[in-house]
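Report on one structure; see the data block that follows.
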Amino acid sequence: MLKRTIVIANPASLHLRDNQMKILLKGDVENERSVPIEDVGIVLIENQQVNLSIPLMIALTDSNVIVVFCVCLIHSSCHYLLMLHKEKY
């Protein structure tokens, strides 16, 4: 079966309910999304304002889901300047 990749790029709260990952985006209280744990292959978290519950982490680990935390410490404009000054060999 094909597994899903879930990308969380905005501030959100992630928790476990009924063996499903519940995703509640901050500022969007009315619209809670859910994904069955058995359908998830990778969870990619790209925002430092994501809350993750311990029961969810345990359920993801038990289902062999890969959880990746991406944190960019360099602002995009600084990264662009670094790329302009990179020497080519």
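The closest side-chain heavy-atom distance from N51 to L14 is not below 4.5 Å. Using a 4.5 Å heavy-atom threshold, the side chains of M57 and L52 count as touching. Side-chain contact between L16 and M21: absent, with no pair of heavy atoms (C-beta onward) separated by less than 4.5 Å.
Taking CD1 from I8 and CZ from F69, the interatomic distance works out to 11.0 Å, rounded to the nearest 0.5 Å. The CD atom of Q48 sits 11.5 Å away from the SG atom of C70 when rounded to the nearest 0.5 Å. Put simply, CG on D39 and CZ on R4 are 6.5 Å apart, with the number rounded to the nearest 0.5 Å. Rounded to the nearest 0.5 angstrom, K3 NZ and N64 CG are separated by 8.5 Å.
Shortest non-hydrogen contact noted between I37 and S63 is CG2-OG, 3.2 Å. Contact detail for Q20 and P36: the closest heavy-atom pair is CG-CA, 3.9 Å. The shortest heavy-atom contact between P11 and Q49 is CG-OE1, 3.2 Å.
Other residues, nucleotides and ligands place no more than 12 heavy atoms under 6.0 Å from the CG atom of D18.
Every residue meeting the salt bridge (Lys or Arg N to Asp or Glu O under 4.0 Å) condition with R17, not counting sequence neighbours, appears here in chain and number order: E32.
In this structure, I54 belongs to a hydrophobic cluster whose other members, linked by side-chain heavy atoms under 4.5 Å apart, are I58. In the hydrophobic clustering (ILVMFWY side chains linked at under 4.5 Å, chained through shared members), V68 is joined by V7, I42, L44, I66.
Between the side chain of K26 and the main chain of N10, no donor-acceptor pair closer than 3.5 Å is present.
A side chain to side chain contact (heavy atoms under 4.5 Å, CB included) with R33 is found for one member of L24, L25, I6 and no other, namely L25.
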